[in-house]
Every structure is written in structure tokens, then in C-alpha cells.
> 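Mind having a look at this structure? Questions to follow.
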Amino acid sequence: MPLALIKRLPLIRSWLHRRAIRKYFSPRGSGCHSGHFSSFAQARAWLPPSPEFSHDKFTDEYVHERSRRIWAFDYPVLFWLREAFAGGSSTVLDIGGSIGNQYYAYQRYLPYPEALQWRVQELSAFIAQGRELAQQRGAAALSFSDAWPAEWLDSEVWLAAGVLEFMESQDLPSLLARCARKPRHILLNKLPLSDSPAFVSSQNIGFGSYVPHHVFNRLEFIGAIEALGYELVDTWDVPERSFQSLGFDEDAFDVYSGLYFRATH
């Protein structure tokens, strides 16, 4: 019997599923995904208790690595951010921007506006170190908050990289609906967009931490933003990120996505 057929036998399939889940909940599962849920609460009930992103190791990584280099998936963002700055934009809302790592990494490649205000909205666990690092590095353009100040929502450029899927109580359309003046440019990177119906999964993010996250339906996600007065100008693949869900192979897709939206009025 072919191996593919053997793997479909009920007993073998059940054993493979259990083995994949054991791997997920081990150090070897770091970076991997698993689970298929309808809500964050359902995912957390399945996951072991953990600090999620509130872990010192993550801020260390952002300070010592992510604030000092860029990856291939950053280049489309650099291109459109340069266009936005050239067009007169000078305020950036960096959603989930950790300690300002993208501000530091991009400044080597972009001429920043003299009056730039780079506003980082983040979890409180990152803010103290972000402010301290900004003072040490003389980054006067950086500011940090764990809230959503109205002035910040009126920023001309919104940037979110690898964060929207982890937001439980807020989504992009609802945030945009709160703006007195909507952003002219929206740059989204490292998004898990699937052609399947939206669901909630989880990720082993290392250091004994597990976190629920959304997997968005591509057409629904794009359509919700376009309905608010935006056009999708550019898309790109992020092959450095893939969604291979241990024990849930049917959910897999090969690449994450990047999107650039521009206001139509």
C-alpha cells in the first residue's frame, strides 16, 4: 500500500496527529503553528498558560537583532514608505512596533522627514525599554503608548508588520472607523492570508510562550479595507513566512502576504 494511503488509515492518522501535537508543545515546536479554533478564548483553553509576548527575551531580540537589520520582505515597505515621505507625509502609526525596531532598521535606507513623528503602539511590556533605548540612541522622533490616542489614529501612514493577527480586541476596520482623519497610506506586512474561511490558530513563539492568532480570509480582509475608501495598490509574497500547522495539515499555506493600500479620497 502506498505511504500516502497508509497515512490516511484512522489509527495511523490519529497517531501522527498526536505526535505532531507533542512536537508543537516541545522546544522543537518553536515557531510552529497548531490548532483550529473559532475564538481566542477557545485557543487559550487548549494552550498551556504562558506569558505570551510579555517576556524579556522578546525585547532582547528586538534590541540586538531586529532593530539593526532588514529582510527581503522589508523592501516593498521601504519603497512605499519612501513614496509616502516624498509626498509630504511625516506622521507614522507603527502598530505593534515593539521597541521601534523598524524605525531604527529603516533609517539606514530612507531619508526621514525633518519633522517625522514615529508613533509606536505596543504592549506595556515593551514601552519602558523602547523609551529608554530611544533616549540612548537620540531617537527624538519616536514615541510610545499602549493606548490608542486620537491624535495617533490621525497619522498619515499606518504601518503594521506581523501583528494584526495577534490582536484580539481590535481589528483594522474598527480602528479606521474611529479616525477623525483616515490615514492616506496603509502598509501591512507578514500577514497570514488564506483562501480558506477565516479561523483562529496558535503559535509556539518560543521561550515557553504560546499565543492565539487569526488566520484571515484574503478576499474578506482586503474587501473590508477597500469598503472604507481604499484601493489596493500593491501586494507581495513573504516566502520567509509560511503556515505549516502541526497536526492540522489541511490549514497549511506556503507564504504570508504584504499589502499596500492608498486612500481614494
Side-chain angles (χ1 to χ4, degrees), residues 40 73-97 100 102-103 106 110-113 115-122 141 143-200 213-238 241 253 255-265:
F40 276 45
F73 52 71
D74 285 305
Y75 282 97
V77 177
L78 285 168
F79 177 85
W80 290 114
L81 198 54
R82 181 188 295 270
E83 293 292 302
F85 291 158
S89 297
S90 61
T91 53
V92 176
L93 174 59
D94 188 355
I95 302 172
Q102 291 181 110
Y103 168 87
Y106 291 176
L110 285 180
Y112 283 169
L116 176 65
Q117 297 180 56
W118 193 293
R119 301 151 167 173
V120 177
Q121 196 286 331
E122 247 303 353
S143 53
F144 297 85
S145 177
D146 59 358
W148 299 95
E151 181 185 9
W152 286 28
L153 291 174
D154 289 345
S155 298
E156 296 153 304
V157 180
W158 283 20
L159 173 64
V163 64
L164 296 182
E165 65 268 31
F166 297 110
M167 294 169 58
E168 179 180 9
S169 59
Q170 298 283 0
D171 60 39
L172 201 62
S174 65
L175 287 171
L176 288 167
R178 291 166 55 181
C179 296
R181 182 182 61 202
K182 289 184 173 62
R184 174 69 175 160
H185 311 275
I186 300 176
L187 283 160
L188 309 176
N189 212 3
K190 296 180 286 183
L191 274 170
L193 299 182
S194 171
D195 295 328
S196 300
F199 64 97
V200 171
H213 67 87
H214 295 285
V215 175
F216 304 107
N217 174 268
R218 180 182 300 274
L219 293 180
E220 289 178 358
F221 185 91
I222 293 173
I225 299 174
E226 289 178 329
L228 294 172
Y230 288 89
E231 61 175 335
L232 180 62
V233 177
D234 192 15
T235 67
W236 57 94
D237 290 339
V238 182
R241 299 284 189 276
F253 50 92
V255 296
Y256 276 40
S257 300
L259 308 172
Y260 167 52
F261 294 91
R262 186 165 53 217
T264 56
H265 56 270

> Let's go through Trp236 and Val255 carefully: what are the C-alpha distance in whole Å and the side-chain angles of both, what is the deciding distance for side-chain contact (heavy atoms from CB on, under 4.5 Å) to 0.1 Å, and is it a yes or a no?
CA-CA 10 Å; Trp236 57 94; Val255 296; over 6 Å; no
> Heavy-atom distance under 4.5 Å between the side chains of Tyr230 and Pro183, does that happen here?
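Side chain of Tyr230 against side chain of Pro183, heavy atoms only: contact under 4.5 Å found.
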> Where do Leu191 and Phe216 come nearest, in terms of heavy atoms and distance?
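Minimum heavy-atom contact is CD2-CE1, 4.0 Å.
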> Heavy-atom distance under 4.5 Å between the side chains of Val77 and Tyr106, does that happen here?
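With C-beta onward as the side chain, the pair touches.
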> Within the structure provided, determine whether Gln170 and Arg178 are in side-chain contact (heavy-atom separation under 4.5 Å).
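Yes, at least one pair of side-chain atoms sits under 4.5 Å.
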> Output yes when a side-chain donor or acceptor of Arg184 lies under 3.5 Å from a complementary backbone atom of Glu156, and no otherwise.
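Between the backbone of Glu156 and the side chain of Arg184 there is no qualifying donor-acceptor contact (under 3.5 Å).
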> Say whether, by atom type as modelled, one donor and one acceptor occur between the side chain of Ser143 and the main chain of Arg119 under 3.5 angstrom.
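A pair under 3.5 Å: no.
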> I'd like to know if the side chain of Asp94 reaches the main chain of Trp118, judged simply by a donor and an acceptor atom lying under 3.5 Å from each other, with no hydrogens or angles considered.
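No, Asp94 side chain to Trp118 backbone: no donor-acceptor pair under 3.5 Å.
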> Roughly how far, to the nearest 0.5 Å, is CZ of Phe85 from CG of Leu110?
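Atom-to-atom, Leu110:CG and Phe85:CZ are 6.5 Å apart.
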> Let me see the working for Tyr103 and Leu116 under side-chain contact (heavy atoms from CB on, under 4.5 Å), right down to the final yes or no.
CA-CA 11 Å; Tyr103 168 87; Leu116 176 65; 3.9 Å; yes
> What heavy-atom pair brings Trp152 and Gln121 nearest, and what distance separates the two atoms?
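Result for this residue pair: CZ3-N, 3.9 Å.
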> Could you give the distance from NZ (Lys190) to CG (Asp74), rounded to the nearest 0.5 Å?
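Those atoms lie 6.5 Å apart.
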> First locate atom CG of Asp195, then atom CG of Leu193, and finally report the distance between them rounded to the nearest 0.5 Å.
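CG of Leu193 is found 9.0 Å from CG of Asp195.
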> Please report the interatomic distance CZ(Phe199) to OG(Ser194), rounded to the nearest 0.5 Å.
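Interatomic distance, Phe199 CZ to Ser194 OG, rounded to 0.5 Å: 6.0 Å.
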> Could you walk me through whether Val215 and Phe253 pass side-chain contact (heavy atoms from CB on, under 4.5 Å), step by step?
CA-CA 11 Å; Val215 175; Phe253 50 92; 3.8 Å; yes
> Can you confirm whether Cys179 sits close enough to Asp154 that some side-chain heavy atom of one is under 4.5 Å from a side-chain heavy atom of the other?
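The answer is yes; the side chains approach within 4.5 Å.
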> Can you name the ring-ring contact (aromatic ring centres under 6.0 Å, His included) partners of Trp80, sequence neighbours left out?
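ring-ring contact (aromatic ring centres under 6.0 Å, His included) check on Trp80 returns Tyr260.
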> Report yes if some heavy atom in the side chain of Leu172 is under 4.5 Å from a heavy atom in the side chain of Ile186; otherwise report no.
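SC-SC contact between Leu172 and Ile186 confirmed.
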> Backbone N or O of Ala198 within a donor-acceptor pair of the Asn217 side chain at under 3.5 Å?
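Flag not set: sc Asn217 to bb Ala198 has no pair under 3.5 Å.
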> Just so I know, are the side chains of Leu187 and Pro76 near enough to count as touching, which here means a heavy-atom distance under 4.5 Å?
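Result no, sub-4.5 Å side-chain heavy-atom pair not found.
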> Tell me whether Asn189 contacts the main-chain N or O of Phe73 through its side chain, where contact means a donor paired with an acceptor under 3.5 Å.
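Yes, the answer is positive, given that a donor and an acceptor are paired below the 3.5 Å cut-off.
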> Give a yes or no on whether the backbone of Met167 and the side-chain of His214 come within a donor-acceptor separation of less than 3.5 Å.
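Between the backbone of Met167 and the side chain of His214 there is a qualifying donor-acceptor contact (under 3.5 Å).
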> For the CD1 atom of Ile222 and the OG atom of Ser257, what is their distance to the nearest 0.5 Å?
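That separation rounds to 7.5 Å.
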> Between atom CG of Leu219 and atom CZ of Phe221, what is the distance when rounded to the nearest 0.5 Å?
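Rounded to the nearest 0.5 Å, the CG-CZ separation comes out at 12.5 Å.
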> With sequence neighbours left out, write down each residue that passes side-chain hydrogen bond (donor to acceptor under 3.5 Å, both in side chains) with Ser174, or none if nothing qualifies.
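With neighbours one apart ignored, the set is Asp171.
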